[in-house]
Each structure stands twice: as structure tokens, then as C-alpha cells.
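What follows is a short report on a single structure.
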Amino acid sequence: MEQQTQPNPATNINPKATNNHNQPSSWAKKAWRLLSDVRAQSPLIQCITNFVSMDLMANTLLSAGASPAMLHSLEELNDFTPCCQALCINVGTLTPSWLPSMKSAAQLCSQLDIPWVLDPVAVSASGFRLKACMELVELKPAVIRGNGSEIIALSMAFTQPSKVSIVKGTDSIHESVDAVEAAKLLAKSSGAIVAVSGATDIVTDGNQVVGAHNGVPLMQKITATGCSVTALIAAFVAVDKIHALDAAVSALAVFGVTGELGMKNAKGPASLRMHLIDALHGLDEAALESHVNITSLS
């Protein structure tokens, strides 16, 4: 749920721009266009998420210009979910009573060509949680976003299930760069874009690998920053579902930039939380283009 967002100089991945599409200026313009589209279209984003993250997720979406709906009642899905532009499913406080709603909403979205995003929080914390996440992945999310340990565990569950071990908590014991190959395998096996939060946020479609290098370490000390950026990815995918990789990269970069801007006035995690939301609400093109740091890693 918390994401590591400070670039790590020790990583052995060498950023490189391979073509105009991957030039930093091109990515900055793309990120601004997508944020502008979210503000103009105010997409309705349904969030079936955990109790811990609801407040920050909703405020993140509102600050970006989207319209959040924290709706998880199974009885309402048939009426409400088809009206959404995207769905975000987060399994942080997963219970047997909520899983049918998650699966039904995801299935509706897949049938109606509505993009949805999965956050497999602490996927390997229990057999029940791992099985639930695997069932959700089979319902074809557009994007899967997790930390390094979550993506490694989920990828292994599909390719080497006998080697998956049960671990405690949501904190990642792996850097995002440790999960690159696992993310690529998961993307190829699931058909989803896979995003790995970390010191460098990694996004891949199984072939192309892109890194977003924005953010500050103190964001790790704010509960639900990872959950919130997953919701922001859903909003960006809602306005450009054909280019889900670009949407995921742009959302991660925008969220990281707002952390950097918010940090200028923050005295600790509580004030950073407030200033992060303010920075996202007031983010302009000049500030975004001067801060975005996105590179091709493949």
C-alpha cells in the first residue's frame, strides 16, 4: 500500500531513450494530456477497496479531476458498474463477503469493455488471498499494480505455484528492479500491463519496460499511497484505455511529481499527505514538464 518512490542510484538498470516516443519531453507531454483529459472528462471510477485506503483514494481521484465511487454492494453492481468509465479493485482488507462483489464487477467490466485495475495487496499473505487474486487476474484486468514482492509472488503463482511462500504484511522485501522479469512474465501470461512500485516505478507490457523515477521516500510513511496511485492509474486508463501502458506510466509519474512538490512544504508524513493532495489539484503543465522523469529501460 505504501510505495517507494525515491530513485535508487545503486540499481543496475541503465535508463535509455530508444525513440521519440520514449524521450522525456514526449512522456511529459503525454502525462499532461492524460491529466488534462481526466480533468475535462471527470471519469466515474468505481473503487472496491479496503477500509484503510478509501479516504485517500477518493481524495486523490477528486484532486485529479475524476469522480470516485466507493461502491461494493453486490446488489448494486448490475445497475452501477456499467455506468463507470473504469473500476479499481484493491484486496487490502479482503473478506469472503466482498470477493463475490469484486469478481462480479470485474466480470461485468470485461464483458462491457470497461477497463479495470487490480491491486493485489499482500497477495501471498494467505492461501485464500492468493487464490482470490489469481481468480481476479483471470478476469482480465487492464493493469495490475503492486510492489516488488507482490508482483513476484503473483507472477510465480502463475508460473511456479509450488514455490510461492506465505509472508506477512504488505511491505515489500524486494526492490522494484528485482521484479522486472517477474513483471514481464506476469504481463505475458495475464495480458495485463504490470506496474511495480518502488524506488523506480516499473511498467511493462511483457516486452517494453519503462521506468518512472519521481517521488520522495517520505511517501512510504503515508498509508495508502500505493492504493491511491492504483486508483489514479484507473482514472488515466479510463480516458485512454487503448494505451494502458502509457496511462499507467503517466499516472505513476504524476503522483510522484505531486509528492516532490508537496514535500517542499511538508514537515512530516501528515502534512505531506495534505500537501500531496493540494499539489495534485493545482498541478500545472509547466511544473509537470519540469519534474517528470520517465525513461525507457528496455
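This one's a predicted model, so the numbers in the text were calculated from it and none came from an experiment.
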Step-by-step side chain to side chain contact (heavy atoms under 4.5 Å, CB included) determination, D37 to F236:
CA-CA 8 Å; D37 287 346; F236 276 45; over 6 Å; no
With a cut-off of under 6.0 Å to the ring centre and 45° to the axis, is K29 in cation-pi contact with W32?
no
M274, V254: one ILVMFWY side-chain cluster at the under-4.5 Å cut-off?
no
Is there a donor-acceptor pair under 3.5 Å between the side chain of E150 and the backbone N or O of N147?
yes
Do the side chains of D119 and C88 get nearer than 4.5 Å, heavy atoms only?
no
V292, M263: one ILVMFWY side-chain cluster at the under-4.5 Å cut-off?
yes
Quick one: does S155's side chain have a donor or acceptor within less than 3.5 Å of a partner on I151's backbone?
no
Indicate the atoms forming the closest heavy-atom contact of L44 with Q85, along with that distance.
N-OE1, 2.7 Å
State the OG-CG distance between S126 and L94, to the nearest 0.5 angstrom.
7.5 Å
I need the L283 CG to H291 NE2 distance, nearest 0.5 Å.
9.5 Å
Rounded distance (nearest 0.5 Å) linking atom OG1 of T200 with atom CD1 of I294:
12.0 Å
Does R273 come within less than 4.0 Å of D55, counting only side-chain N to carboxylate O?
yes
CE/M102 to CG/N90 distance, rounded to the nearest 0.5 angstrom?
7.0 Å
Quick one: closest heavy-atom pair of A179 and V196, and the distance?
CB-CG1, 4.0 Å
Is there a path from I114 to L136 through hydrophobic residues (I, L, V, M, F, W, Y) whose side chains come within less than 4.5 Å of each other?
no
Could you give me the CA-CA distance, side-chain angles and deciding distance for I277 and L56, then say whether side chain to side chain contact (heavy atoms under 4.5 Å, CB included) is met?
CA-CA 9 Å; I277 294 170; L56 186 56; 3.8 Å; yes
Would you confirm whether Q46, through its side chain, and L71, through its main-chain N or O, come within 3.5 Å as a donor-acceptor pair?
yes
Taking everything shown except H281 itself, do over 12 heavy atoms lie less than 6.0 Å from its NE2?
no
So, does S42 use its side chain to make a donor-acceptor pair with the main chain of G65 at under 3.5 Å?
yes
Take Q220 and T225 through the side chain to side chain contact (heavy atoms under 4.5 Å, CB included) test and state the conclusion after the steps.
CA-CA 7 Å; Q220 299 174 54; T225 50; over 6 Å; no
Do the side chains of S298 and T204 get nearer than 4.5 Å, heavy atoms only?
no
Check whether any side-chain heavy atom of R145 sits under 4.5 Å from a side-chain heavy atom of S197, and report yes or no.
yes
Consider only side-chain heavy atoms of I, L, V, M, F, W and Y, link residues closer than 4.5 Å, and tell whether L280 and L61 are in one cluster.
no
Which atom names give the shortest non-hydrogen contact between V237 and A142, and what distance separates them?
CG1-CB, 4.4 Å
Closer than 3.5 angstrom, by distance alone: can the side chain of R129 be matched with the main-chain N or O of P120 as a donor-acceptor pair?
no
Examine distances only and state if a side-chain atom of K241 and a backbone atom of D113 form a donor-acceptor pair shorter than 3.5 Å.
yes
Rounded to the nearest 0.5 angstrom, the CD-CG distance for E135 and L99 is 6.0 Å
Check V180 against I202 and note the closest heavy-atom contact, atom names and distance.
CG2-CG2, 4.2 Å
For a 4.5 angstrom cut-off between non-hydrogen side-chain atoms, does V249 reach K30?
no
State whether the side chain of S189 and the backbone N or O of L186 hold a donor-acceptor pair below 3.5 Å, judged by distance alone.
yes
Kindly say whether A105 contributes a backbone atom to a donor-acceptor pair with the side chain of T81 at under 3.5 angstrom?
no
Could you state the interatomic distance from CH2 (W116) to CG (L108), rounded to the nearest 0.5 Å?
12.0 Å
Flag the pair H275 / K264 as yes when at least one side-chain heavy-atom distance between them is below 4.5 Å, and no otherwise.
no
Tell me the closest heavy-atom pair linking A234 and L87, and the distance in Å.
CB-O, 4.3 Å
How close do A66 and V38 get, counting heavy atoms only, and between which atoms?
N-CG1, 3.8 Å
Sub-3.5 Å donor-acceptor pair from the side chain of S110 to the main-chain atoms of L139, do we have one?
yes
Would L276 and M219 count as a side chain to side chain contact (heavy atoms under 4.5 Å, CB included) here? Give the steps.
CA-CA 9 Å; L276 187 154; M219 293 171 77; 3.8 Å; yes
Using atom types as modelled and distance alone, determine if a side-chain donor or acceptor of T258 lies under 3.5 Å from a backbone N or O of F255.
yes
Given the rule that I, L, V, M, F, W and Y join up when any side-chain heavy atoms are under 4.5 Å apart, are I45 and W98 in one cluster?
no
If we only count heavy atoms from C-beta on, is the K131 to M134 side-chain gap below 4.5 Å?
no
With a cut-off of 6.0 Å (strictly less than), are more than 12 heavy atoms of other residues, nucleotides or ligands near CD1 of I242?
no
